[in-house]
Structures are given as structure tokens and as C-alpha cells.
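This report concerns only the one structure given below.
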Amino acid sequence: MRTEDLVFMTIMLPLFGAAIAFFAKAFPKGSLTSKILEYGGAVVGLVLPWWALIQLFGPVYQGESFSGVVGGWNPALGIFYRFDGLSWLIQLLGYSVGLAAYIYSVGAGPRGPAFTGIFLIQTAALSAAIITTDMFNLFVCLEVLGVTSYVLIPTSKKPGASLAAFSYLMVSASAMVLFLVGTYGLYRLSGSLAYSEIASAVQGLSGTDHRVYLMSLVLLVSAIAIRVAVMPLYGWLPDSHALAPHAISSVLSGVLIKTPLFALSRVLGLFVQGADVGLLMSYAGAATALVAVVLALSQSDAKRLLAYHSISQIGYVVTAWGTAISIGANTQAGLVLMTAAYLHALFHAFFKGLLFLSVGTTVDLAGERNVYRLRGAARYLRAGGDRLALTFVTFLVGALSITAIPPMNGYISKNAIGYGMKGSFLYLFLTLAGVGTVASFIKLSRIYWPSAATREEKSVEPAAEKGNAGLGYRLTAQFMLAGICVATGVAFPQVLDVTGRLLSGGQVLKQPNLYGSATLLKTFYTALAGVGLFMLIQLKPMAHILHVIRERPRSFQGLFVSFSLATAALALWLLY
Amino acid sequence: MISLLLILIICAAVYTLSSSNLLHGVIAMSFVSLLSALIFYILQAPDVAITEAAVGAGVSTVIYVWALRYTKRSDDGDS
Amino acid sequence: MATPKTRFGKIWSKAGAVLSVAAIGFVLFPIFLADNPWPVEARDYLAAMGQAETGAVNLVSSIYLGYRIFDTLGETIVLLVAVLGTMSILSRVESLVDDSPADDAGKSGADKAGDALKKSGGFSLSREKRHSHTLRTDLLEAVTGKIGPVILIFGFYVMLFGHVSPGGGFQGGVIVASAIVFLTLGNPGAGTLLSNTRVLSTLETAAFLLMLLLSSSGLLFGQGFFGNPMAGAENPEVYIIILNAVVGLKVGASLGFLCITMMGGHK
Amino acid sequence: MKLELLLILILFLVGFWGIVGKNNIIKKIFGLNMINAAAVILFILEGSRSGADAPILGKEGLHIVDPVPQALMLTAIVIGVCITALALALAVHLYRVSGSFDIDRIRDKVHNEN
């Protein structure tokens, strides 16, 4: 088998797995054959691709990249693809979180061949979206990703999840039509759909042609920005991530919002105006990081709090990513920042996945999601079969990671971003967001604090019965992710080195000094400020302000208004 | 000719959005699909025309009608 | 954006809508009115080489199932997932409706479909019109039962001759699906093989697997995934014909499955 | 020539108005269909300016139109219908839950239940 074919194995194996899993539907529910087919499909789709990834690691580590036309067709019409370090890294992200989430879902649901198949298709579409370098093919990949999420979000059977899925569907499907119009604009200018051909054709355009090109670029970027949920376009995310099943929440916030971002970096890296777009995106990202953390701090629902943190953390990623693109993704400084952006995306996928799963287990066992009401959750965990309250341990690992406490991986990636961003005023935003993160996770961890009131004891037993099923699978998935969080945090020099090499095509990048006294001191102050902020929000007037923020009216229409205004703003930014 | 068809499509579209009976809206919507199929045929795109007629006017109308079957069909939420 | 309950809120929300339409219009205006000449390189290449490379006389087919078959695979996946998703949401709706009497259990799926159609009673049927509607349904059964097979054959024709004439797997598949629906309507009680949802869903999965295998078949001949394994051979169009048939089968089964479930034959 | 393009733009904006300005979720789905149709018509219309005959070979001396937009639009149409089907299924589910197609009422209802 040629190495080029291995590249497509990462897409085709999950699809084959999905087909096998779908066959399970033909057999009676719960029969042995049906189980074998379903889990066999999952193994084919989620485990075998690791073999391809391992095979491919050698060449990409050496800085090789595979590109060409899918199926060996003529370049005039075929679909171009490119497999390089970036693709490898994104696939690593997708397959590791996907595997953990699937193991969790075996225990916690949703189950069934249809779910397994759709989950595998989503994984395949993720790999395809990062490999392709063809505009229309990217459109198709994004549609597949979208349609799988619209189907997976309402599997939690909550009415709110249906509404969230519907809102997401409407806004992202409309954005995809705009993406199509953007593709049209670029095709009529260049006569091609491949990124590189388009980029070379649009150079040196002037007059109306130039305007057509700019507007098409704007449409593409804002259609993808919807998926990434940067600041003005985040409205669909909190509900859909909070109300989806826990395993799906972890994949949605871990992988699904980042893949389009890095797919976009392939496009922007080629276009001249990409740098301007990157700059604006970095501002939007910094604003996202700060505003979303304030919103998170005000939430009462445990999972919605986590969902707002996903937005805030993607803000970090977008800030670093945008700055990297604006200073040139091939310069030394740009590469350092891009490495940091990727690492934060990867680590966020691990620790946020972990947090969603741990908090999911906790709220299932306790039967209560309200942060203000749930107390002494460790007791519910024990009553539910988790005798040692291991879920609390995994939660703690996740919380320490996201608040950037050494030696967890969050410390590494946040400070790597800080190192690259030093001197920029955006850095201030990120530092402030860090303080808010500490405060809101102290708030969230209160659900595990022992409660003073003894009258709650009575309600422990009945809630514990139903959530017990599949605890082993849940804990396996949680420990898998927790282990990765600690390991990547401890072995950071190697991780940084490998990531840097993969992203730069084999160069050795300068490593930031992450355990310098200044960095450690800053972490200490951030944590201290976080504790202070937490104390502050306990006060009556602050609590009232948070209540107002939490209950602010949100409407479906607001989503569209902010989308179209953001699109127009981006257009004006590029025009003038 | 194309312009004329497009004007008809826009009229049907406006009617679809403004009519208070959703079922009338569905019928107008399938009319939009049929007219666009006609446009595709005129524009030398027979494949797209067949697809639009079969999928846009056929399948999606069936799905709309199915969806409205469950419900009371009137649009009372709008001003 | 306030929830529009008050008069002021309503005006506010309309203003927001106008503003966003204007913003989108501003961005779209230059693209829609672009007037640079249409690029013809791809067209010229296809006119010269398309038939030789893929064997399809219909150049749209040559792109759809040749050069850009990867996109087509994605499209069929979207269809597959959408049908499954609609189905799972639908089953939840059915459980919410909960008005199906228990004695339905003994009937066949097709019978139930007919029942459900009668029960739902068309669109805006008042009680006294029920009787005439039943009559009309009988007429419908007689006509659709006869037309069904004809449409089925026409669907297969469109499917298999997609490489030389307009049409192809997808369009043929839609026609086959409507034929399946007609057959189901026309034979209440008898329950044809095709109206069994389990058979349809297995058929759909099988067609999906076949399509994956066909896209991978280029591997054996050294073109890699998504290549045409018969590219160098005498008649490369055979590959396209097979693909058309598989796509048609898949689309027909998917949509037939969807329609029959929606008519109430869901088990 | 410009008139046709302007009309398509109007169709697009009418559809977008349906999505943003209408409260009824079925009408929002109508709007989604319309903007999809507008994008497809635009692509096909402009693609057809390059020739005069359908892209089916077989006769001599044909001056065919560009087949690439047609192949792409086949995919786009089908994806659009799939999304419509899914959106309608969700809409029906929401109707069953809340008894209304009005987006604000649905939101109030769902919000109270959670």
C-alpha cells in the first residue's frame, strides 16, 4: 500500500466502521450478532485508524507532506488534498477524544447502532475536513459535520436540546449557503476550486473583481467562524453543548469547534488578505476569552458553565491563531504561536472533554445540575457506585488543567500562548480571562464541597439508583483523559518539540521557558486574584449583577442579527 | 424569459412567507421549485432540472406536508 | 435583543431583521453582480478529454461520479445521516403522540401505512368528508398499484442510462423511491417486500457499503481511493454505470424508507 | 443581464428576511429553502453563459456550457433537501413539545421546562 493511500485510510476506516455498525440494525435489538457488528464497527472506525496514524507519523515528523489529487484524476477538475503535520495533529485530536467519548457513551448512552454509525461518520468528516484543500469539498465536509451534530445533539431527549439543535441548524445552514455563494465568487474569478489555484489567481486583481474576491473571502470566513463560535457568533453554542449527551458535549467542544478553525488556517495562509482577517480574528478571540468567562461565571447550570468556558478557551486559541496568521504562519514567531494555539486546542480538548465527562457523571448520579443547589456531590458519587469518588479526582485534574496550575497541561499551553503574545495588549485580556477562569472553577468545584445541612441526606438514595449503569466505562474514559492531561503536562518539552516540528515541517523551534520564576509568580498571582474574585461574587450586589447577566434575554433572531452584522463588519474591515 | 420566471419565483416566495395558511405556503414553495427547474432546463442544465423537480418539488413537498399533518397549520404567531 | 412581547419589542425585532438583511445584502451585492467573464478552462478540458477519461458522454456524470466522486460520497452520507436523524426524531414524536391503538400490532407495516394515511385524513378534511375521502383512497390504491411497476422500471432506466443522457443514480433513485411509495399505497394488506422498512434499511446499508467498496476499488489497481479502476481499460463507463446503480439503490432505499415511515408504516 | 442577477439577489434577500424576520419556524425553513434555491440558480445561470448546448456530448460541433457548476449544484440541492428534512423533523418535535410554531413561545415554554 502506498503512503498516499494510508492518508485516506483515516477517512475510509471510520466510514467502513459506520457501514458495519449500520448492519446491526438488521438484527433484533440486543442480540449478540447486533452487538458484535456494532462494536466491531466501532473498533474498525476508532481503533484501526491509529495504525494508519502511527505509520504516517514517521514521514510527517521528517517534514514530508503528501499532496495531490484525490483518486489520481486530472488536476484541472479533481479534488486536491494535503496531508502534513497539521493534518496529523488534528487527526490525533479527533481520534483520541473520539475514542474516549465513545467508551464513555458505551456506559452512559446514547447507545445503538445508529448512534455508533453517525458518531463514526462525524469522525471521518473531521479527518476529511482537515485533509482537503478544495473549497467545495470543504463545503461538503462541513455539511457532513453539521448534519451529524444536528442529529447527535437532540439524542439527549431534552426538549431544550431540540431547540438548540434547531437554532444551530438554521444559523449554520444559512451560513453554509453563504459559503456556497463565496465559493461561487472565487470559482468565477479563478476557474478552480483548489485553495492554491484560487490564491494565485486572485493576486493582483483590481476594481470590482477585487471587491468580489474580498466579499467571497468574507463569506467563507464568517461561515467558518460560526462553527468556531468566536465572539459575536457564539450564541448557538451554550445551549447545544449544555443539553447534548455528555459524550457528545465532550466531542463537540473538544474537537468539532476547532477543526474548522485549523481548516481555515490552510485557506488564510495562502491569501494575501489572510493576515488582515487573522488580525481581526485575534481581537475577536481576545474579546471572546474575556466576555465568555464573565458569562460562565454567572451560570447556574453546571454543564452550561462548562460550555461557556469552551467559548472562552477557544478565544485563547483564536487569539494565538489569529496573531500567528497576521505575522505570517511561516515565520519563527508565527510558528511558535501556532504551536501554542494548536497545543491549547489539543489540551483543551482533553481537559474540557474530561470535565464534561466528570461533571456529567456527577450530575447524573446526583440528579441535580444547579451549581447553587448541588452540594456534597462526593456522597452521591459513593452512593452511585463510585466508592472512592474517583470522579472527583478526575474532575480535579480537569479543573487544575483549565485554571493553568502546574504541572497540568493547561499550564503549559496557556503560558506558551502567553510567551508568544507577550507585549501585545491582547495579552492583558487573556490574563484577565485567566483570573475569571480560576474564580468560576472554584464556584463549580463547590458542588463537591461537603454540605453543612444534614437534611439533604435523605434525598441521596433514590437519585443514585438510575445513574449506576455503565460506571466502569465512564470511569475508564475519564481516567484515560485524566492520564493524558497529566502526562502531556509533565512531558511538555517533548510535546512542544514534536508539535513544533510537525507544524513547521521539520524545523526545531525555540522552546519557551515555561518554568521561569516570572511565569510561576504570574500563575500564583492569577490564582490569588481568582480566589479574590470568587470572594467578590459572593457579595450581594455582585451576585445580583451575575443574576442579571444570566437571565439576559436571548433570542433566535439575535443569532442572525449578530451573524450578519459581524459579516458586514468583517467586509468593512477588509475594504478599508 | 429568465427574468420573467424569476419575477414569478419572487412573487411565489413572497406569497409563501406572507400567507397565513402554511399549506398554501408549501404549495407556493413547490411552485418555486418547479419554476426553478424550468429555468435550469432553459439554461441547458437538464440534470439539475430533473433533480430539482424530483427532489425540490417532489420529496421536500412530501416532507413539508407530512410535517404539517401533525399540526394545525395556521400561522398565528406572526404579525 | 428583547423577546418581542411588547409593542416596542416587536418594532425593535423588526428593525433588527431589516438591519441584518441590509448587512447581508451589502456583502452579497458585489458577488451577485460580478460580471467578469466566466472561466472556461475546465469546460474546455472536459469537452476534449472528459469522455476519454471517464467514459461518460454526459459530462455532468463524468464529474459527479468521476473527478469529484469524493463529494458525491459526502453527499450520500449527508442523506444517510439526515434520514436516520429524521427517523429518530420522528420515533420520539410518535411516542409523544401516543394515539396508536394496541390492536395495530398485528397488522403489517404497509397496512398501518394505509391506516395512518386514512387516519390523518389528507389535509383539511372535516368529519363529514371522511367518507368521500375513503372512496378517493380506494381509487388511489387502484391507480397507484398499476402505475407503481411502470414508474419502477422508468426509475431504473433513468438510473442506468445516466452516463449517456440526463439523469443518473440520484434522480433514478428518487423515482424508484416514489415507485416504492406507490406500490405501498397500491397494495394495502398485501405488503410488498419493498415496503418492509427493515428490508429497505438493510438495502440502504448494503448500498452504502458497496459504494465505499467501489470507491476503494481503485486501490487494487494502483490509483488509490476514489480512482476509476477501469480508467485505462476499453470501456471505463462500466464503472460509472455500476456506481449509478449503487447510488440509485441507496437513494431509493433511503427515501423510500423515509416516506414509508412518515406515512406511518414505522414499526 | 444585470436584471436577472438583481432578481436573484432579491430572491436571496426575501429568503433571508424569512429566516430573520418571521417568527414561525416553518417559515424560517421556507426561507432557508429560498436562499439555497437562489444560490443554485445563480451558479447555474452564470455557468450557462459560457456556451449554448447541454453538456452531453455525442454530436459534432456542440458549444457546451460549463458542466462543473451543474455537478456542484446537484450536490448542493441534495444537501439542501436533507437539511430541510431534518429541520422539519425538529420543528415537528418542537411543536409537539410546545404546541406552537412560534419561536419565542417555544423558547419560553422550553425555558420553563428546564
Side-chain angles (χ1 to χ4, degrees), chain C residues 3-5 13-14 16-18 20-22 24-25 28-29 31-35 37-40 42-43 46-47 50-51 56-64 67-68 71-72 74-76 78-83 85-90 92-93 96-97 164-166 168 170-171 251 258, chain D residues 1-2 5-10 12-14 16-23 35 38 42 46-51 54-58 62-79 81-93 95-97 104 107-108:
Chain C
T3 318
K5 272 182 192 147
S13 107
K14 289 291 170 209
V18 171
S20 55
V21 170
I24 284 294
L28 289 180
F29 188 77
I31 302 181
F32 272 68
L33 294 193
D35 56 357
W38 187 263
V40 291
R43 195 267 316 262
L46 268 173
Q51 195 183 348
V57 177
N58 181 351
L59 291 178
V60 177
S61 277
S62 79
I63 303 171
Y64 192 68
Y67 299 102
R68 302 186 68 90
D71 287 344
T72 310
E75 174 199 320
T76 54
V78 171
L79 181 68
L80 179 87
V81 176
V83 168
T86 310
M87 224 59 94
S88 81
I89 296 165
L90 183 67
R92 223 166 306 149
V93 172
L96 280 168
V97 175
V164 286
S165 60
F170 197 90
Q171 295 89 333
V251 172
L258 183 72
Chain D
M1 170 178 173
K2 283 276 186 187
L5 297 173
L6 209 60
L7 287 172
I8 299 174
L9 181 61
I10 292 172
F12 194 101
L13 293 180
V14 168
F16 202 76
W17 167 259
I19 298 175
V20 190
K22 288 287 170 183
N23 277 336
I35 61 172
L42 175 70
E46 289 299 289
S48 74
R49 296 208 192 283
S50 56
I56 296 169
L57 301 174
L62 287 176
H63 185 52
I64 59 166
V65 302
D66 191 353
V68 177
Q70 301 192 7
L72 301 185
M73 287 309 104
L74 282 185
T75 308
I77 290 175
V78 175
I79 290 179
V81 169
C82 294
I83 302 280
T84 306
L86 208 52
L88 280 170
L90 285 169
V92 169
H93 186 220
Y95 184 87
R96 280 287 148 191
V97 171
D104 295 313
R107 184 175 284 281
D108 288 347

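Proteins come first, then strands; the chains are lettered A, B, ... in the order of their sequence lines, and each starts at number 1.
- Contact annotation for Leu72(D): only side-chain heavy atoms (C-beta onward) come within less than 4.5 Å of a heavy atom of chain C.
- In this structure, CG on Leu74(D) lies 8.5 Å from OG1 on Thr72(C), to the nearest 0.5 angstrom.
- Residues satisfying the salt bridge (charged side-chain N to carboxylate O under 4.0 Å, His left out) criterion with Arg68(C), sequence neighbours excluded, are Asp134(A), Asp71(C).
- Shortest non-hydrogen contact noted between Trp38(C) and Pro69(D) is CZ2-CG, 3.5 Å.
- Across Pro39(C) and Asp66(D), no two heavy atoms sit closer than the pair O-OD2, 3.7 Å.
- With rounding to the nearest 0.5 angstrom, the CG atom of Leu46(C) is 7.0 Å from the CD1 atom of Ile64(D).
- Between the CZ atom in Phe32(C) and the CG atom in Leu7(D) there is a gap of 11.5 Å [rounded to 0.5 Å].
- Between chain D and the options Ile63(C), Val18(C), Thr76(C), the largest number of non-hydrogen pairs under 4.5 Å is found for Ile63(C).
- With a 4.5 Å cut-off on non-hydrogen atoms, Ser165(C) touches chain D through its backbone but not through its side chain.
- Contact record, His93(D) with Ile89(C): CB-CG2, 3.8 Å, taken as the closest heavy-atom pair.
- Closest non-hydrogen pair, Asp35(C) versus Lys2(D), comes out as OD2-NZ, 3.9 Å.
- Counting all heavy atoms, side chain and backbone alike, Ser20(C) lies closest to Phe16(D) at O-CE2, 4.0 Å.
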Report the C-alpha distance between Phe12(D) and Ile24(C) in whole Å, list the side-chain angles of each, state the deciding distance to 0.1 Å, and finish with yes or no for side chain to side chain contact (heavy atoms under 4.5 Å, CB included). CA-CA 10 Å; Phe12(D) 194 101; Ile24(C) 284 294; 4.2 Å; yes

CA sep, side-chain torsions, deciding dist, call: Phe29(C), Leu6(D), side chain to side chain contact (heavy atoms under 4.5 Å, CB included): CA-CA 9 Å; Phe29(C) 188 77; Leu6(D) 209 60; 4.2 Å; yes

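- Contacts of Thr86(C) with chain D are made by both backbone and side-chain atoms, with heavy-atom separations under 4.5 Å.
- When heavy atoms are compared at a cutoff of 4.5 Å, Val81(D) does not approach chain C at all.
- Residue contact with chain D, scored on non-hydrogen atoms closer than 4.5 Å, involves the backbone and the side chain of Val60(C) alike.
- When heavy atoms are compared at a cutoff of 4.5 Å, Leu42(D) approaches chain C solely by way of its side chain, counted from C-beta outward.
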Quick one, Phe170(C) with Val78(D), criterion side chain to side chain contact (heavy atoms under 4.5 Å, CB included). Give me CA distance, side-chain angles, the key distance, then yes/no. CA-CA 9 Å; Phe170(C) 197 90; Val78(D) 175; 3.2 Å; yes

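- Contact count versus chain D (heavy atoms, under 4.5 Å) is highest, among Val251(C), Val40(C), Leu28(C), for Leu28(C).
- In this structure, Ala34(C) and Glu46(D) approach most closely via the heavy-atom pair O-OE1, 4.2 Å.
- Taking CG of Leu33(C) as the reference point, atom CD1 of Ile8(D) lies at 10.0 Å (rounded to 0.5 Å).
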